[in-house]
Number of protein chains: 2
Amino acid sequence: MDDVGVESTRPDPPTLQTVAAAAGVSRSTASRAINGEPRVSPETVEAVQRAVRELGYSPNPAARTLVTRRTGSVALVVPETGDVLFSDPYFATVLSGITAGLAPSGNQLILLIGQHPGDGNQMISYLRGGHVDGAMIISHHRADLDADALGKIPVPVVLGGRPVGATLPGMPYVDADNAGGGRLAAHHLAGTGRTRLGTITGPLDMPAGIDRLDGWRAGMREHNLADDATAGGDFTAASGATAMARLLDEHPDLQGVFVASDLMATGALQELSGRGIRVPDDIAVVGFDDLMFASTATPPLTTIRQPTREAGRLIAETLLAMLDGRTPEPAQILPTELVRRASA
Amino acid sequence: MDDVGVESTRPDPPTLQTVAAAAGVSRSTASRAINGEPRVSPETVEAVQRAVRELGYSPNPAARTLVTRRTGSVALVVPETGDVLFSDPYFATVLSGITAGLAPSGNQLILLIGQHPGDGNQMISYLRGGHVDGAMIISHHRADLDADALGKIPVPVVLGGRPVGATLPGMPYVDADNAGGGRLAAHHLAGTGRTRLGTITGPLDMPAGIDRLDGWRAGMREHNLADDATAGGDFTAASGATAMARLLDEHPDLQGVFVASDLMATGALQELSGRGIRVPDDIAVVGFDDLMFASTATPPLTTIRQPTREAGRLIAETLLAMLDGRTPEPAQILPTELVRRASA
DNA sequence: TTGAAAGCGCTACCAC
DNA sequence: GTGGTAGCGCTTTCAA
């Protein structure tokens, strides 16, 4: 046994060559056996598999990507800072749907999280670099979607949420029926006989913020009610409390409020409780999302349910379809529904 | 202009060859210019950069990785399901530290999240595949650390948190002084004259759970107090409430409680408030972490602060040092301190 | 069913 | 300071 190189330097990992030699076949055949191609004899497959096992071989992904032009991974882009991302259960839920949808394909999910607000375009350069086969972009704000920049992404992209302020040909999106949900909230609150109603909106540079407000206003109009009582939030609990305070100060006669997310609604409930205002007796509250918080809030939240997990799954499946060369629906809208609990 | 190929098929992206030709130099020179190597004439650099810009060239990462044997990315492994991950601000904070620590190196962070509890070993196979240059593993449970499996990872690994139930040579870790923090909590509560004290622990298959309990018990012994009142949680708010309920039922004379995380403490506070028990008058509460929740809780939490963000940064920097060929300290322990607020 | 050989795009060594 | 050339590990024609 030659023992060159006394240094305990890490040995080179086995290559396809090593495996082929050990199995007594050529590299080509070894490759075919490993990739499960049809025309390989059973005993050859067996021999190769044994060699793989014994050598602890695993294919070099870079080499494979170089020739197949497939990386086997897709990106999930979230142009929010980690703080926001991790404090809203919406993300956990949509992410679980995405991983579920992606699972059968064996693709690896690469999560790109914003470091600083507004560096969405920096992420886009990552997508252009050929690191991934496709991408999903969720929770985007208007500023994140520079149509020119997005257009240069050389891989399929699916959006979670309608793009706002940009036309993006060939870039399908999956969204909930936010406007329909806003209308549902309006109808429900108006249906209780309350007439002085207001809303706490999401960020108005996001489709989820804009469309829920639009739906709410449409509903108000249908009931001939004023739609002027609004305060803006940013989907965080703190902003919900602040907005609630402002709404109360400006409209002391308020009887009901539609809050555009459950997380903000928890903040609003806290503000109401702090002021000794009873829910729903004094003011009725309707939320949006129906995740976690809604049923455990005090009182349990009446809310508009959107199928968040299902949306995640659909986003992933749509991307997989595109990777497969199929052309998906340009827009897939999921229904929302009212869930009655105690708060309204 | 030849117009072969009528099909509007996506044109091949430019390669180094294309750039070199456009700049009137060889591939070698173009490569050096692009990688900022010293010995290239300024005018050459200029010409190459212009060609890059005009062609919209970006280097093929697979080809680069194949020859340099560096992927330019590192993995963050979190063997928790998305739900847990996204509901505890601990992760947001440690993640922000990690991205900050990684930033100067230009490495891309790849987040590997558990899909099902206990598939930590599946992630390990990803690490073995040569996709990344190194890895960080945080929030690991005993079951996630199979020493044999980890030993086969061919890249540097840094652990966030002391490994439990396994000796892992060459695998450094960064941790807070959890035991010290537990003792601090014991001293503080005992120092208020309360004698009937209990604790809500974290998961006892995690170092953070074990060590905080050990420290607490040591502190209790030093004050000659009984340490039998304990209930176990899993670091979620819900488990904190459940454990608090159990503790109250089993020890009606309880005067103070140390809860091993702020998130669990919020659950405990809710349970106490629901039973009409006043904090700190009837029962004093000390938490652990000092993130977000602690100061906004009702009442504001007295807690043991650990430098979470700093830990994240240190984890990243330690990994970078290893990628650089340096040998880091096998263990880096960060100090904890008592933060006095209203709850104890 | 198998093997030989070309080549994916890039870096790095060597000469000049 | 620059160019030629070999080769990273793999898949994929093309022949046999």
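Keep in mind that the numbers below use all heavy atoms, side chains included, and drop hydrogens, waters and symmetry copies. Chain naming here is simple, since letters A, B, ... match the order of the sequence lines and numbering starts at 1 in each.
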Q) Would one find a side-chain N or O of B/R69 under 4.0 angstrom from OP1 or OP2 of D/dG9? A) yes
Of the candidates D/dG9, C/dC10, D/dT12, the side chain of B/P59 sits closest to C/dC10
Taken to the nearest whole Å, CD/A/E46 to P/C/dT1 is 17 Å
* Asked: Between B/V174 and B/M136, does a side chain to side chain contact (heavy atoms under 4.5 Å, CB included) hold up when you go through it step by step?
  -> CA-CA 10 Å; B/V174 173; B/M136 299 162 282; over 6 Å; no
Q) If you take atom types as modelled and just measure distance, does the side chain of B/S41 reach the base of D/dG1 with a donor-acceptor pair under 3.5 Å? A) no
Counting any heavy atom closer than 4.0 Å, what does A/T44 reach on the DNA or RNA strands: base, sugar-phosphate only, or nothing? sugar-phosphate
Taken to the nearest whole Å, CZ/B/R39 to P/C/dC13 is 12 Å
note: A/L16, atom CG; D/dT12, atom C1'; distance rounded to Å ~ 13 Å
Exercise. Do B/L16 and B/Y57 have side-chain heavy atoms sitting under 4.5 Å apart?
Worked result: yes
Note: for B/G24 and B/V67 on DNA chain D, the residue whose nearest nucleotide lies more 5' is B/G24
Here the distance between atom C1' of D/dG3 and atom CD of B/E37, to the nearest Å, is 14 Å
Between CD of B/Q17 and P of D/dT5 the distance, given in whole Å, is 13 Å
Closest of D/dG1, D/dG9, D/dT11 to the A/S31 side chain is D/dT11
Picking from C/dG3, C/dT1, C/dA12, the nucleotide nearest the side-chain atoms of B/T68 would be C/dA12
From the candidates C/dG3, D/dT11, C/dT11, the one with an atom nearest any side-chain atom of A/T29 is C/dG3
Item to complete: Taking only the side-chain nitrogens and oxygens of A/N35, find out if one of them lies under 4.0 Å from OP1 or OP2 of D/dT11.
Response: yes
message: Less than 4.5 Å apart, side chain to side chain, heavy atoms only: is that true for A/Y126 and A/V77?
response: no
Notebook entry, point to check: When you look at B/I113 and A/L95, which way does the side chain to side chain contact (heavy atoms under 4.5 Å, CB included) test go after all the steps?
Noted result: CA-CA 10 Å; B/I113 302 174; A/L95 180 63; 3.7 Å; yes
Result for 5'-nearest mapping on DNA chain C, choosing between A/V40 and A/R27, is A/V40
Between B/P207 and B/V164 the two heavy atoms that sit nearest each other are CD-CG1, 3.5 Å
To the nearest angstrom, the CG-C1' distance between B/N60 and C/dG9 comes to 6 Å
Among C/dC10, D/dG4, D/dT11, the one nearest any side-chain atom of B/A63 is C/dC10
### Query
So does A/R32 reach the base of C/dG3 with its side chain, donor to acceptor, closer than 3.5 Å?
yes
Got a donor-acceptor pair under 3.5 Å from the side chain of B/S28 to the base of C/dA12? yes
Next on the checklist: Donor-acceptor pair, distance only, cut-off 3.5 Å: does the side chain of B/H140 make one with the backbone of B/G161?
Outcome noted: yes
When rounded to whole Å, the CZ to P distance for the pair B/R70 and D/dG9 reads 17 Å
When rounded to whole Å, the CG to C1' distance for the pair A/L66 and C/dT11 reads 13 Å
